[in-house]
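Below, chain A is the first sequence line, B the second, and so on; all start at residue 1. Just so we're clear, the structure is a prediction, and the values are computed from it rather than from any experiment.
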Amino acid sequence: MLVARGLRRLEVAARRALHGFVFPRSAASGMALPGTAARFHDYDAAVTSCIERRALREGRQVHARMIKARYRPPVYLATRLVIMYIGCDALEDARNVLDGMPERSVVSWTAMISGYSQTRRRVEALELFIQMLRTGCKPNEFTLATVLTSCCGPEGIHQVKQVHSLAVKTNFESHMFVGSSLLDMYAKSENIQEAHRVFDMLPERDVVSCTAIIYGYARQGLDQEALDLFRKLYSEGMQCNYVTFTALVTALSGLASLDCGKQVHGLILRKELPFFVVLQNSLIDMYSKCGKLLYSRRVFDNMPEKSVISWNAMLMGYARHGLGNEVIRLFKDLREEVKPDSVTLLAVLSGCSHGGLVDEGLDIFDIILKEQSAFLNPGHYGCVIDLLGRSGRLEKALNLIENMPFLPTPAIWGSLLGACRVHANVHVGELVAQKLLDMEPENAGNYVILSNIYAAAGMWKDVFKVRKLMLEKTLSKEPAQSWIILDKVIHTFHSSERFHPSKKDIDAKIKEIYVDIKASGFVPDLSCVLHDVDEEQKERMLLGHSEKLAITFGLMNTPPGFIIRVIKNLRICVDCHNFAKFVSKVYRREISLRDKNRFHLLRDGGCTCGHYW
DNA sequence: AACAATGCTA
């Protein structure tokens, strides 16, 4: 029985994955309606049949027949009606039946709460749950597991804690379904310690709880921890299904570890799982974030069925790598297969921006404005402002911000400020910076860019003013770090790294490189240093940047001709970008640099970003 | 009646 249920769940999941959550409905009516003299068993059989076939129209007829015959269904049968309506996505009808019930069972309440939960109507789910408690009905393990999935709004953590305490009182805390849901919700509200504590308390570790905790780490960006935990649980014999692998692959996208990614992909292939769109989508994304677009494309091309997300993941991959023409080509193919959504449009605009296809991007934006403007959100405008900024049309960008149907977000102003830096426009830059500093006075990055703009214009007095402002506010930015993966070992570097075991060798090598590239024309960009120190010290500080250390380490530890893949957690600094360009030329090495936003592929002194990022 | 679930830009 249990096994059969498990298999059905799997099948349901597979169908959902394949058909994008749309269940096939029964086509023709094949059921005789209960007659006027019908009794409980006749109605029960009819409603059950409708539940199984998700036959809404017939269900309504049965319900109407009951009313017409003045038949008052007992709690059980009325509950079945609620379940029937929910299964047919007719939530309002279900609610009407529930509200009309003189008595309700735990099952009736829970079914309705579950209906709201599954359709993301969280507020209604929680309100109904509270109403249920007020009437004195005691929740059971089904209710708690269900209602928890609705505790993920902004107030989520408080709600989770309340339901948690209720679970403790009712002794369901360690119930597998309740516990899994609980740990997942803690993880979703960024409370991974508590999530792990709940996980450790569960009587056993099943696929769902293991997957939820691994996903929890991956979602927080604790990718290394997610991978380590998977390794541990896997060696302890944990069961895996396609959701587990989806979680794992997501963690690997964050780590950008191509070797681990390939290894896990191999493991997945050996498991001979049936086809799941979701898992394949995560593989497309993983390979593109590891810098292997060819593999992404191979996964993409081999999919027997694609969802719009598959296309979007592939588009984003091309966009991240600055391959604008590929984005536009794939977008054309996409429109013949699926309906674009707002993420598709974002990917296309972002692809045009990263690929330097300014006019093409603006044309596409015009078409979108005419045909699908309902899809547009501030993000799309952000991409277009970036596009205008790239081509130096800063006034136009400013104009668009003022006339768009949204309030500008800090990110949008930030994008324009970056453009002002690239095009050395102090006038617009000051204007934009003023808005931005008002909105996020604590964001150190904005001060840095403004001071870069002043520095590029030689306005040293103003540079000093901005620095002073920063010092007064004692702002600190997220510490920069870069990493490189060699032989499946992750080597992480921080600025002015002091603890790496190869520190001495790296220092020696970086000085050697410095001499070589300077001889080829490299000039350090001192405006990248914001500390008020003398020039010699500035040069020394620049050499300590984490991406330079990682590149140097890669150059030392890989054979000639080997591509150096470095990942950075923030945007790459101008001086380091220049450094990498010269290294690629002088040492004849390709360098793939993934920063927070995109890939830079440096080859023979040039970069795929076109020097705008 | 119930737990985990892919893509998101400057």
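A:Cys151 approaches A:Val163 most closely through the heavy-atom pair SG-CG2, 4.2 Å. Residues A:Val208 and A:Ser180 approach most closely at CG1-CB, 4.0 Å, considering heavy atoms. The minimum heavy-atom distance linking A:Leu252 with A:Gly261 is given by the pair CD1-CA, 3.8 Å.
Spacing between atom CG of A:Leu357 and atom C1' of B:dA10 amounts to 16 Å, rounded to whole angstrom units. Look at CD on A:Glu204: it is 13 Å from C1' on B:dC3, rounded to the nearest Å. If you take CD1 of A:Ile86 and P of B:dA1, they are 10 Å apart, rounded to a whole angstrom. Distance CG (A:Leu229) to P (B:dA4): 18 Å, rounded to an integer number of Å. Between A:Leu279 atom CG and B:dA5 atom P the separation is 15 Å, expressed in whole Å. For the pair A:Ile309 CD1 and B:dC8 P, the interatomic distance rounds to 10 Å; values are reported in whole Å.
Counted by atom type alone, A:Tyr287 and A:His265 present one or more donor-acceptor pairs between their side chains at under 3.5 Å.
Partners of A:Trp109 by ring pair (Phe, Tyr, Trp, His ring centres under 6.0 Å), not counting sequence neighbours: none found.
Across all strands, A:Asp341 comes closer than 4.0 Å to base atoms (heavy-atom distances). Base engagement by A:His175 is indicated by at least one non-hydrogen atom pair under 4.0 Å involving a base atom. Within 4.0 Å (heavy atoms only), A:Arg219 reaches sugar-phosphate atoms of the nucleic acid but no base atom. A:Lys306 comes within 4.0 angstrom of nothing in the nucleic acid, heavy atoms only. Nucleic acid contact class of A:Leu346 (heavy atoms, under 4.0 Å, all strands): base. As judged by a 4.0 angstrom heavy-atom cut-off over every strand, A:Gly379 is placed among the base-contacting residues. Here A:Lys596 lies out of heavy-atom contact (under 4.0 Å) with every strand. Among the heavy atoms of the strands lying under 4.0 Å from A:Thr110 is at least one base atom, whether or not backbone atoms are also near. If you check every strand for non-hydrogen atoms under 4.0 Å, A:Thr149 touches sugar and phosphate atoms only.
Judged by atom type and distance alone, A:Tyr215 does not reach the base of B:dA5 through any side-chain donor-acceptor pair under 3.5 Å. Put simply, the side chain of A:Ser180 and the base of B:dC3 share a donor and an acceptor less than 3.5 Å apart. Interface remark: the A:Asn140 side chain does form a donor-acceptor pair with the B:dA1 base, using a distance-only criterion of under 3.5 Å.
Taking every heavy atom of residues 386-407 of chain A and every atom of DNA chain B, pairs under 4.0 Å involve A:Asp386, by number.
Taking 4.0 angstrom as the limit, A:Gln118 places a side-chain polar atom (N or O) nearer than this to OP1 or OP2 of B:dA2. Side-chain nitrogen and oxygen atoms of A:Arg598 include none within less than 4.0 Å of the OP1 or OP2 phosphate oxygen of B:dA10. Under 4.0 angstrom from either OP1 or OP2 of B:dT9 there lies no side-chain N or O belonging to A:His354. At least one side-chain nitrogen or oxygen of A:Lys188 sits closer than 4.0 Å to the OP1 or OP2 atom of B:dA5.
You cannot call A:Phe177 stacked on the base of B:dA2; the centres under 5.5 Å and planes under 30° rule is not satisfied.
If you look at A:Phe365 and A:Tyr381, their ring centroids are closer than 6.0 Å.
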Which atom pairs, one a donor and one an acceptor, fall under 3.5 Å between side chains of residues 385-392 of chain A and the rest of the protein, sequence neighbours left out?
from: A:Asp386; atom 1: OD1; to: A:Ser415; atom 2: OG; distance (Å): 3.2
from: A:Asp386; atom 1: OD2; to: A:Ser353; atom 2: OG; distance (Å): 2.8
from: A:Arg390; atom 1: NE; to: A:Ser353; atom 2: O; distance (Å): 2.7
from: A:Arg390; atom 1: NH2; to: A:Ser353; atom 2: O; distance (Å): 2.9
from: A:Ser391; atom 1: OG; to: A:Leu388; atom 2: O; distance (Å): 3.0
from: A:Ser391; atom 1: OG; to: A:Arg393; atom 2: NE; distance (Å): 3.0

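Using cut-offs of 30° and 60° for the angle between ring planes, the A:Phe230 and A:Tyr234 rings count as parallel.
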